[in-house]
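See below for the structure under consideration.
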Amino acid sequence: MTDYTPDSDADVTVQDLIDRLRAEADADADPATTPDVGIIMGSDSDLDVMRGAHDALSELGFAEQTDFDDAPESRFTYETYVVSAHRTPELMYAYGETAADRGLDVIVAGAGGKSADLPNMTASIAYPIPVVGVPVKEKSVDSVIGMPTGAPIVAVDAGKSFNAALSAAQILAREHEELEERLVEYHESLVGAVARDSRDLHDLGVAGYVESRNDE
């Protein structure tokens, strides 16, 4: 395995990435060693919003897989690519077309702008693999959810990539009891946090509660 250090724009071409995806699809890899969730976004400027998806998956014990041939020890993994529907349509098609053969079970796709086509185009290409769309901006919502009958996409509210990743994990959990247990534990932790907040707000009073939170 060769260490990769990005130096310039000349390091890689779109065709290089397409060839990589197709080679991985042809590798017939063990599904237990391939990324379970693919996270794609239209631009690296979307990363600040899409990191919520990374946070959610990390919370559930997923590891990031950056080398298709060298999987992390974690059973559940995810990968991340920038795939522009408008600037690199060939890459978008290759990603969607190879998704199943590369072992992906679900895709989380985020895009911004009024013409946020990456999630719904990917849903069409990768079908029947489920795609969870993330409108990166409020103005992207109509574009992301605007799919015709027969070409479905699951979508979350603007910026809610954390929820998108939780939805992806819920889909996977139907076949993985271990992941279902992690989801239940996470949900119970949220319930417990609300109970603690309710108790503390009552017992400490508003001023004492705010002060206690400022001290944390």
*Show the numbers, then the answer: is there a side-chain contact (heavy atoms from CB on, under 4.5 Å) between R174 and E180?*
CA-CA 7 Å; R174 305 315 302 154; E180 182 176 4; 4.0 Å; yes
*Determine whether Y78 and E64 make a side-chain contact, defined as any pair of heavy atoms from C-beta on separated by less than 4.5 Å.*
yes
*asked:* So L201 and V206, do their side chains get closer than 4.5 Å, heavy atoms only?
replied: yes
Donor-acceptor contacts, no H, no angles, side chain residues 33-40, under 3.5 Å, sequence neighbours left out:
{"unit_1": "T33", "atom_1": "OG1", "unit_2": "D30", "atom_2": "O", "d": "2.8"}
{"unit_1": "T34", "atom_1": "OG1", "unit_2": "P31", "atom_2": "O", "d": "3.1"}
{"unit_1": "D36", "atom_1": "OD2", "unit_2": "T77", "atom_2": "N", "d": "2.9"}

Surrounding [atom1] of [X] (heavy atoms of other residues, nucleotides or ligands, distance under 6.0 Å), is the total greater than 12?
X: D28; atom1: CG; value: no
X: Y127; atom1: OH; value: no
X: R75; atom1: CZ; value: yes

How long is the straight-line distance from [atom2] of [Y] back to [atom1] of [X], given to the nearest 0.5 Å?
X: I18; Y: Q15; atom1: CD1; atom2: CD; value: 4.5 Å
X: M50; Y: T80; atom1: CE; atom2: OG1; value: 8.0 Å
X: T98; Y: R20; atom1: OG1; atom2: CZ; value: 11.5 Å
X: F162; Y: S167; atom1: CZ; atom2: OG; value: 11.0 Å
X: I171; Y: L179; atom1: CD1; atom2: CG; value: 11.0 Å
X: L91; Y: Y81; atom1: CG; atom2: OH; value: 8.5 Å

*Inspect the contact between E97 and R22 and indicate whether a charged nitrogen and a carboxylate oxygen are less than 4.0 angstrom apart.*
yes
Heavy-atom pair with the smallest gap, counting every atom of [X] and [Y]:
X: L104; Y: I107; answer: CD1-CG1, 4.4 Å
X: G42; Y: R87; answer: O-NH2, 3.1 Å
X: S43; Y: V82; answer: CA-CG1, 3.9 Å
X: V14; Y: T88; answer: CG2-CG2, 3.7 Å
X: V108; Y: A168; answer: CG2-CB, 3.9 Å
X: L118; Y: A111; answer: CB-CB, 4.1 Å

*salt bridge (Lys or Arg N to Asp or Glu O under 4.0 Å) with R102: which residues, sequence neighbours excluded?*
E24, E79
_L183/L60 under side-chain contact (heavy atoms from CB on, under 4.5 Å): CA gap, chis, key distance, verdict_ = CA-CA 7 Å; L183 282 165; L60 295 172; 3.7 Å; yes
Atom pairs and distances, donor-acceptor, side-chain atoms in residues 185-198, under 3.5 Å, two or more places apart:
{"unit_1": "S189", "atom_1": "OG", "unit_2": "Y186", "atom_2": "O", "d": "2.5"}
{"unit_1": "D197", "atom_1": "OD1", "unit_2": "Y209", "atom_2": "OH", "d": "3.4"}
{"unit_1": "D197", "atom_1": "OD1", "unit_2": "R213", "atom_2": "NH2", "d": "2.8"}

_Is the ring pair F76/H176 parallel, tilted or perpendicular, if the boundaries are 30 and 60 degrees?_
perpendicular
*Can any side-chain N or O of S143 pair as donor or acceptor with the backbone N or O of A116 at less than 3.5 Å?*
yes
_I'd like to know if the side chain of T122 and the backbone of G96 have a donor-acceptor N/O pair within less than 3.5 Å._
no
*Could you verify whether a donor N or O on one side chain and an acceptor N or O on the other, from D16 and T13, lie under 3.5 Å apart?*
yes
*Members other than V141 in its cluster, when Ile, Leu, Val, Met, Phe, Trp, Tyr link by side-chain heavy atoms under 4.5 Å?*
I145
_If the condition is side-chain hydrogen bond (donor to acceptor under 3.5 Å, both in side chains), which residues does S115 pass it with, not counting sequence neighbours?_
H86, D117
*Only pairs at least two apart or in different chains count here, so list each salt bridge (Lys or Arg N to Asp or Glu O under 4.0 Å) that has a residue in residues 38-50.*
none
